[in-house]
Amino acid sequence: MLENKYVLEALQAQFGDAILAAEESYGMLSFEINPAKNTEIATWLFEHPELKVTFLTDLCGVHFPNNAGKELGVVYHFHSFENNFRMRMKAFIPVANPTINTMTTVYNAANWMERETFDFYGILFEGHPNLKRILNVDDMDYFPMRKEYPLEDATRTDKDDRYFGR
């Protein structure tokens, strides 16, 4: 049975400063990495003779507009079936250059997940075999999941703030 502390120590021993932060949230190991090392770390996890992290459960994007230089992020959820162990890896990139290496070279399942993340967040996956929109129209010139819009429509005249506790 793998433990979070053991896995984190193994990661830090192998990759040193590329592991930027780590925490244990609800019993799951969660760590932030240098985005340039995402495929290298994933390959190591996949090929490690003891860890055997052979399944990419999920890959998604996040947007924190107030986090200067690290506005966009990619969150990876991994699972080792053999060890019944799950972990989360995060990599943050600037919105000015939203590029990160594709994970399709390690996990085939990343293909459509990366396409969806590109479609909604505009994150470019370097080396992806067919990075194009899959859910939104091709001529859409924005990324709908980014927080780049006002939270409320200031032009509405039918809303009275008294009814909303303001």
Side-chain angles (χ1 to χ4, degrees), residues 1-129 131 134-135 143-149 151:
M1 177 80 178
L2 292 179
E3 294 195 13
N4 292 337
K5 183 179 179 186
Y6 173 77
V7 175
L8 180 59
E9 287 173 355
L11 282 163
Q12 289 171 329
Q14 181 69 29
F15 296 101
D17 292 343
I19 308 300
L20 306 176
E23 65 180 2
E24 190 173 312
S25 179
Y26 300 101
M28 180 187 286
L29 174 63
S30 180
F31 57 96
E32 181 183 341
I33 63 161
N34 176 337
K37 299 282 189 179
N38 70 329
T39 54
E40 186 179 339
I41 292 171
T43 301
W44 184 81
L45 289 168
F46 188 93
E47 295 174 349
H48 193 281
E50 188 176 359
L51 301 180
K52 300 175 184 169
V53 181
T54 57
F55 188 68
L56 176 65
T57 306
D58 190 26
L59 177 161
C60 63
V62 292
H63 184 215
F64 297 110
N66 297 330
N67 196 5
K70 296 166 79 174
E71 296 90 356
L72 293 172
V74 180
V75 180
Y76 305 92
H77 287 250
F78 298 112
H79 189 186
S80 169
F81 286 118
E82 191 165 320
N83 296 302
N84 193 25
F85 183 79
R86 297 172 189 272
M87 71 182 81
R88 178 184 304 119
M89 181 172 81
K90 304 174 192 175
F92 293 96
I93 53 180
V95 74
N97 181 21
T99 304
I100 192 165
N101 293 323
T102 185
M103 200 61 80
T104 58
T105 57
V106 185
Y107 298 98
N108 288 333
N111 191 330
W112 285 77
M113 291 185 256
E114 287 181 352
R115 288 176 70 182
E116 179 184 31
T117 303
F118 162 71
D119 200 2
F120 284 105
Y121 290 93
I123 296 172
L124 303 170
F125 293 92
E126 185 93 19
H128 190 281
L131 192 62
I134 57 173
L135 296 169
F143 302 101
M145 294 299 286
R146 286 191 189 178
K147 298 172 186 156
E148 300 174 333
Y149 50 85
L151 293 178

Sequence neighbours excluded, which residues qualify as side-chain contact (heavy atoms from CB on, under 4.5 Å) partners of T57? F55, H77, H79, R86

Under the rule for side-chain contact (heavy atoms from CB on, under 4.5 Å), what residues qualify as partners of N101, not counting sequence neighbours? N38, T39, E126

Counting N and O atoms only, with roles assigned by atom type, does the side chain of E71 sit under 3.5 Å from a partner on the main chain of G69, one being a donor and the other an acceptor? yes

Does K147 use its side chain to pair, donor to acceptor, with the backbone of H63 at less than 3.5 Å? yes

Please enumerate all residues that pass salt bridge (charged side-chain N to carboxylate O under 4.0 Å, His left out) together with [X], with sequence neighbours excluded.
| X | value |
| --- | --- |
| R146 | E148 |
| E82 | K52 |
| E40 | K37 |
| E32 | K70 |

Using the ring pair (Phe, Tyr, Trp, His ring centres under 6.0 Å) rule, collect all pairs that involve residues 1-36, keeping only residues at least two apart or in two chains. F15-W44

Residue pairs meeting ring pair (Phe, Tyr, Trp, His ring centres under 6.0 Å), one or both in residues 87-109, sequence neighbours left out, come to F46-Y107, F78-Y107

Would you compute the distance between atom [atom1] of [X] and atom [atom2] of [Y] and round it to the nearest 0.5 angstrom?
| X | Y | atom1 | atom2 | result |
| --- | --- | --- | --- | --- |
| L8 | N4 | CG | CG | 8.5 Å |
| L29 | L11 | CG | CG | 7.0 Å |
| R115 | F120 | CZ | CZ | 12.5 Å |
| I134 | M113 | CD1 | CE | 10.5 Å |
| L72 | L124 | CG | CG | 10.0 Å |

What closest approach, in Å, do [X] and [Y] show between heavy atoms, and which atom pair accounts for it?
| X | Y | result |
| --- | --- | --- |
| L56 | A109 | O-CB, 4.4 Å |
| L135 | D119 | N-OD2, 2.7 Å |
| G122 | P98 | O-CG, 3.6 Å |
| I93 | P35 | CG2-CB, 3.7 Å |

side-chain hydrogen bond (donor to acceptor under 3.5 Å, both in side chains) partners of [X], counting only residues at least two apart:
| X | result |
| --- | --- |
| N66 | none |
| H128 | N111 |
| N83 | S80 |
| T102 | T104, E114 |

Carefully, step by step, assess T43 and T105 under the rule side chain to side chain contact (heavy atoms under 4.5 Å, CB included). CA-CA 9 Å; T43 301; T105 57; 5.7 Å; no

Are side-chain heavy atoms of [X] and [Y] found at a separation under 4.5 Å?
| X | Y | value |
| --- | --- | --- |
| V53 | H48 | no |
| V75 | L59 | no |
| Y76 | D58 | no |

When you look at M87 and L45, which way does the side chain to side chain contact (heavy atoms under 4.5 Å, CB included) test go after all the steps? CA-CA 11 Å; M87 71 182 81; L45 289 168; 4.0 Å; yes

